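Working notes, beginning with the structure itself.
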Amino acid sequence: MKRVTGFPTRPDMVQQLLDVGFDYYNLPSSDGSHYWSDNVAYEFTLAEIDRIEDTTNELHAMCLDFVANEIRQGDYAHYRFTDLQKQLIEDSWRKQAPYLYGRFDFGYDGKNLKMFEYNADTPTSLLEAAVVQWQWLEQIEGLQHRDQFNWIHEELLKHFTFLKQQSGKNDFYFSAMQEAGREDWGNLDYLADVAYNAGWNIHQLAVEDIGYNRENKEFVDLNDTPIEMLFKLYPLEWLSGAEFAQHIPTANTHFIEPAWKMLLSNKALLAKLWQRYPNHPNLLPAYFNKFDITDRNAIWVKKPMLGREGANVFYYEKSNGVEFAAKGSEHSAFYDTSGYIYQQKFELPNFDGMYPVIGSWVIGDVTCGMGLREDFTAVTGNDSHFLPHYFVP
């Protein structure tokens, strides 16, 4: 892996980006520059790509096995689930509720490939990974090798077609918070467009506009039309904690992602996987309690179990008991309530002062592509850059 600079900006770059719905390309990043640039990319070898793909497939399979085991044992320690959330998790798993996607975040230093977390519920940067970087690969000048680990779009189309055949339904609703930014709605627009091309009738509405018909015991849209298939770019822990969540068990709505994904989108997963697979080459040591840490020389990353976008991240030095906020992490009291885990710090490579994180995508159960985010701190936040990639033989 190496960071390659000096690619020329496409003369019509802005129009090309807008044509695919990427109208948030110019969001300001933490260093003041735009979220997207034509000028920088990451180069990988084919062997590295094969390794990332194989590792993602293995970890995804491990995660599904983990979910089955947790539900079979009813082991929900550390999650702080309500009784309703437990019921929703078990019901959705038993009914084999449909699911769509997830993104593993990895650190890679050229030798070690380590899982940071699994964004199994509401991952974004999908449009960027599936379409925008592929467009860049086809159009950019001065690129000798035009190969990319990316058939995300094709796999999405295939999976939406499968969901239509499996469900026998015709209408698909796509929803996010009304005040969500263009990044969220841009990803939602893209998913809706893929679903449309798979034969679905598409509807979009804000989460706040989802209603409930008490007489028919159905979730409905603003026209009182029943919602049977709903993709929500809205965290499951928020959805299942809302007042109307009590009606989910008796409603006919399929929520995507399904409730069992709460076992994977919670960073308790990191400590529990380490308990199940100690010394696995792609996992970092992780614990619920800092007193369980035995390695006194390592630095540990304290992460909120339900944190997002790099919020509330701290470093902990076991040797002297010192804990301090990680540079680049913003603090929100909102994320303090879910509890924390401690994960061994992985030293990301520093390329020209930037630290890259690999996001490897799983559609259904198929690993089918990746994207990269980078920031000038080791904590990748909401305002980091998205970078395209390519690989060489």
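Since the model is a prediction, treat every value here as computed from it, not as a measurement. Residue indices begin at 1 and follow the sequence shown.
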Near-ring test Y35/Y25, centroid separation under 6.0 angstrom
no
Determine whether more than 12 heavy atoms belonging to other residues, nucleotides or ligands lie under 6.0 Å from atom CZ of F244.
yes
For the rings on F106 and Y108, is their centre-to-centre separation under 6.0 Å?
no
Could you state the interatomic distance from CD1 (I363) to SG (C368), rounded to the nearest 0.5 Å?
4.5 Å
Would you call E257 and L100 a side-chain contact if the rule is heavy atoms closer than 4.5 Å?
yes
Got a sec, which hydrophobics cluster with F116, joining ILVMFWY side chains under 4.5 Å apart, including via others?
L284, F346, L348, Y355, V357
If we count only N and O atoms by modelled type, under 3.5 Å, do the side chains of T9 and N39 hold a donor and an acceptor together?
yes
Within a reach of under 6.0 Å around NZ of K158, are more than 12 heavy atoms found that belong to other residues, nucleotides or ligands?
no
Residue list, side-chain contact (heavy atoms from CB on, under 4.5 Å) with E154, at least two apart or on another chain:
W151
Side-chain H-bond candidate by donor/acceptor type, Y390 with E43, under 3.5 Å
yes
Could you check whether atom CD of E141 has more than 12 heavy atoms from other residues, nucleotides or ligands sitting under 6.0 Å from it?
no
Using a strict threshold of under 4.0 Å (side-chain N to carboxylate O), is an ion pair present between R182 and D189?
yes
Side chains of N312 and K302: donor-acceptor distance under 3.5 Å anywhere?
no
Report yes or no: do H153 and Y190 form a side-chain donor-acceptor pair below 3.5 Å?
yes
Does Q275 reach the side chain of F288, with side-chain heavy atoms less than 4.5 Å apart?
yes
Please check if any side-chain donor atom of Y76 sits under 3.5 Å from a side-chain acceptor atom of E90, or the reverse.
yes
Taking C-beta and beyond as the side chain, do F255 and S240 meet within less than 4.5 Å on heavy atoms?
no
Indicate whether the side chain of H254 and that of Q166 have a donor and an acceptor atom separated by less than 3.5 Å.
no
CD/Q96: more than 12 non-hydrogen atoms of other groups inside 6.0 Å
no
Less than 3.5 Å apart, any donor N or O on the side chain of E237 or N266 sitting next to an acceptor on the other?
no
Polar side chain donor-acceptor pair, N57 to T367, under 3.5 angstrom:
yes
Around atom CZ of F291, are there more than 12 heavy atoms of other residues, nucleotides or ligands at under 6.0 Å?
no
How many angstroms lie between OH in Y24 and CZ in F386, if you round to the nearest 0.5 Å?
9.0 Å
F22 and W36 aromatic ring geometry - parallel, tilted or perpendicular at 30°/60° bounds:
perpendicular
So, D91 and R94, do they make that salt bridge, N to O below 4.0 Å?
yes
Under a 4.0 Å N-O cut-off, is there an ion pair linking D105 with R103?
yes
Would you call the rings of Y340 and F314 parallel, tilted or perpendicular, where under 30° means parallel and over 60° means perpendicular?
perpendicular
Consider only side-chain N and O atoms of N320 and E317, and report whether a donor and an acceptor are under 3.5 Å apart.
yes
For the residue pair D83 and Q87, confirm or rule out a side-chain donor-acceptor distance under 3.5 Å.
no
Using a strict 4.0 Å threshold on nitrogen-to-oxygen distance, state whether D121 and K232 make a salt bridge.
yes
Going hydrophobic residue to hydrophobic residue with side-chain gaps under 4.5 angstrom, can you get from L27 over to W185?
yes
Using a distance-only test with no angle check, is there a side-chain donor-acceptor pair under 3.5 angstrom linking Y42 and E374?
yes
Non-hydrogen atoms of L263 and E70 that approach each other most closely:
CD1-CB, 4.3 Å
Could you label the plane-to-plane angle of the F174 and F172 rings as parallel, tilted or perpendicular, counting under 30° as parallel and over 60° as perpendicular?
parallel
Quick check for you: to the nearest 0.5 Å, what is the distance between T124 atom OG1 and L233 atom CG?
7.0 Å
